[in-house]
Amino acid sequence: MNKLIAILIVLMFGAVLLSPFVVNVISGGKATPDLVLPTTGKCVKDTEYMRANHMDLLKKARVKAVRDGVRTKDSSLKNCQTCHVRRDEFCDKCHHFVGVKPECFECHYFPTGK
Ligand code: HEC
Ligand code: HEC
Ligand code: HEC
């Protein structure tokens, strides 16, 4: 009887320890949530680069525009919207997922579709 309980406890711990791996397998090991991606056009840089570095691109463009008065059409927030039409289905979704909240949209217009 005691043996049975001990085995059950070991199995329960095992299940808890393994659960992140199980979730990972079920979700296909995705590091990002389901995003609504544009079906036409190409991003300003390749996907891998954008996933990791879009913030640098935007911040560089900001410095250029605000400090030097030089506009870079590609890297403006307005340009992103021509393809990533809704912020809530793309930018916000991923930002919630990773827990960042850029303060940009307090000033910059980027519709959420609501
Ligand atoms: C001409 C259309 C277009 C423009 C403009 C554009 N994108 Fe993209 N973007 C895409 C497409 C299409 C994809 C998906 C590519 C793929 O399927 O791998 C993408 C992918 C991305 C990704 C990666 C998403 C993922 O799956 O991880 C990020 C981040 C991103 N874009 C940010 C931006 C930002 C920021 C801007 C503005 C500076 C911008 N994009 C401008 C079309 C565009
Ligand atoms: C695939 C996931 C993903 C998508 C899609 C995405 N972001 Fe991000 N974004 C991130 C991550 C992760 C960070 C935080 C990086 C860090 O803290 O080093 C970030 C940070 C940022 C920052 C810097 C915030 C700060 O205060 O430093 C800006 C600006 C930004 N994102 C804009 C956008 C815009 C605009 C879009 C939509 C066009 C977008 N992002 C779409 C993942 C994403
Ligand atoms: C307090 C308000 C405010 C906040 C917050 C803010 N911006 Fe701006 N941003 C501005 C103003 C004002 C301009 C200049 C607009 C102009 O001259 O047309 C600007 C310009 C820009 C430009 C150049 C515009 C273009 O079309 O080329 C970029 C890119 C930019 N900001 C990105 C960002 C990003 C990324 C964030 C968040 C990390 C951010 N901004 C946060 C007010 C703000």
Side-chain angles (χ1 to χ4, degrees):
M1 192 59 200
N2 277 345
K3 232 181 195 170
L4 195 66
I5 289 169
I7 288 169
L8 276 177
I9 288 171
V10 168
L11 282 178
M12 272 161 65
F13 269 110
V16 170
L17 286 175
L18 280 174
S19 58
F21 300 102
V22 174
V23 168
N24 210 20
V25 168
I26 292 169
S27 65
K30 269 189 303 197
T32 50
D34 287 323
L35 301 169
V36 178
L37 290 171
T39 48
T40 54
K42 268 190 131 190
C43 204
V44 291
K45 298 254 165 90
D46 65 74
T47 306
E48 284 310 311
Y49 178 89
M50 287 310 280
R51 198 171 289 163
N53 301 309
H54 61 279
M55 52 305 264
D56 299 335
L57 216 64
L58 287 167
K59 285 180 176 175
K60 267 188 207 143
R62 165 163 76 164
V63 169
K64 259 195 180 163
V66 176
R67 300 244 170 90
D68 308 331
V70 178
R71 313 238 161 213
T72 40
K73 194 196 160 283
D74 265 11
S75 312
S76 71
L77 280 166
K78 214 172 172 185
N79 190 38
C80 316
Q81 294 167 39
T82 58
C83 299
H84 303 293
V85 183
R86 280 178 56 171
R87 175 154 61 92
D88 53 340
E89 288 178 343
F90 186 67
C91 324
D92 289 358
K93 218 173 192 177
C94 195
H95 292 157
H96 286 173
F97 188 77
V98 295
V100 289
K101 201 170 188 296
E103 86 285 22
C104 324
F105 312 113
E106 280 157 33
C107 298
H108 287 274
Y109 177 71
F110 199 138
T112 59
K114 274 176 209 149

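All ligand and atom numbering here is 1-based and tracks the order in the structure. Because the structure is predicted, anything quoted here is derived from the model rather than measured.
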Original post:
Parallel, tilted or perpendicular for Phe90 and His84, by the 30°/60° rule?
Top reply: parallel

Subject >> Atom pair CZ/CG of Arg62 and Leu77 - distance to nearest 0.5 Å >> reply: 9.0 Å

Subject >> Atoms in ligand 1 with a heavy atom of Thr82 nearer than 4.0 Å >> reply: 5 (C)

Original post:
Passes side chain to side chain contact (heavy atoms under 4.5 Å, CB included), Phe110 versus Cys104? Steps please.
Top reply: CA-CA 9 Å; Phe110 199 138; Cys104 324; over 6 Å; no

**OP:** Measure the spacing between OG1 of Thr72 and CG of Leu58 and express it to the nearest 0.5 Å.
**Re:** 9.0 Å

Original post:
Say you draw a straight line from CD of Gln81 to CZ of Arg86; how long is it, rounded to the nearest 0.5 Å?
Top reply: 13.0 Å

**OP:** Go through ligand 1 atom by atom and flag the ones less than 4.0 Å from a non-hydrogen atom of Cys83.
**Re:** 1 (C), 2 (C), 3 (C), 4 (C), 5 (C), 42 (C), 43 (C)

**OP:** State the atoms of ligand 1, each with its element, that fall below the 4.0 Å cut-off from a heavy-atom position in Gly41.
**Re:** 12 (C)

**OP:** Mark up the atoms of ligand 1 that fall under 4.0 Å of a heavy atom belonging to Thr47, in ascending order.
**Re:** 15 (C), 16 (C), 18 (O), 23 (C)

Original post:
Which of the atoms of ligand 2 are close to Val100, meaning less than 4.0 Å from one of its heavy atoms?
Top reply: 13 (C), 14 (C), 19 (C)

Original post:
Out of curiosity, Thr82 OG1 to Lys73 NZ, how far, rounded to the nearest 0.5 Å?
Top reply: 6.5 Å

Original post:
Could an N or O of ligand 1 be found under 3.5 Å from any N or O of Thr40, whether backbone or side chain?
Top reply: no

**OP:** Examine His84 against ligand 2 and note whether any of their N/O atoms are separated by less than 3.5 Å.
**Re:** no

Original post:
Between atom CE of Met55 and atom NZ of Lys60, what is the distance when rounded to the nearest 0.5 Å?
Top reply: 12.0 Å

Which protein N or O atoms sit under 3.5 Å from any N or O of ligand 3? Give atom names and distances.
{"residue": "ligand 3", "atom": "7 (N)", "partner": "His108", "partner atom": "NE2", "Å": "2.9"}
{"residue": "ligand 3", "atom": "9 (N)", "partner": "His108", "partner atom": "NE2", "Å": "2.8"}
{"residue": "ligand 3", "atom": "17 (O)", "partner": "Arg71", "partner atom": "NH2", "Å": "2.9"}
{"residue": "ligand 3", "atom": "18 (O)", "partner": "Arg71", "partner atom": "NH1", "Å": "3.2"}
{"residue": "ligand 3", "atom": "18 (O)", "partner": "Arg71", "partner atom": "NH2", "Å": "3.3"}
{"residue": "ligand 3", "atom": "31 (N)", "partner": "His108", "partner atom": "NE2", "Å": "2.9"}
{"residue": "ligand 3", "atom": "40 (N)", "partner": "His108", "partner atom": "NE2", "Å": "2.9"}

Original post:
Given the rule in the side chain to side chain contact (heavy atoms under 4.5 Å, CB included) test, do Cys94 and Leu35 qualify, once you have shown the distances and angles that lead to the verdict?
Top reply: CA-CA 7 Å; Cys94 195; Leu35 301 169; 4.0 Å; yes

Subject >> Any N, O or S atom of Cys94 closer than 2.8 Å to atom 8 (Fe) of ligand 2 >> reply: no

Original post:
Looking at NE2 of His108 and NZ of Lys78, how far apart are the two atoms once the value is rounded to the nearest 0.5 Å?
Top reply: 12.0 Å

Subject >> Pairing residues for Glu103 by the side chain to side chain contact (heavy atoms under 4.5 Å, CB included) criterion, not counting sequence neighbours >> reply: Glu106

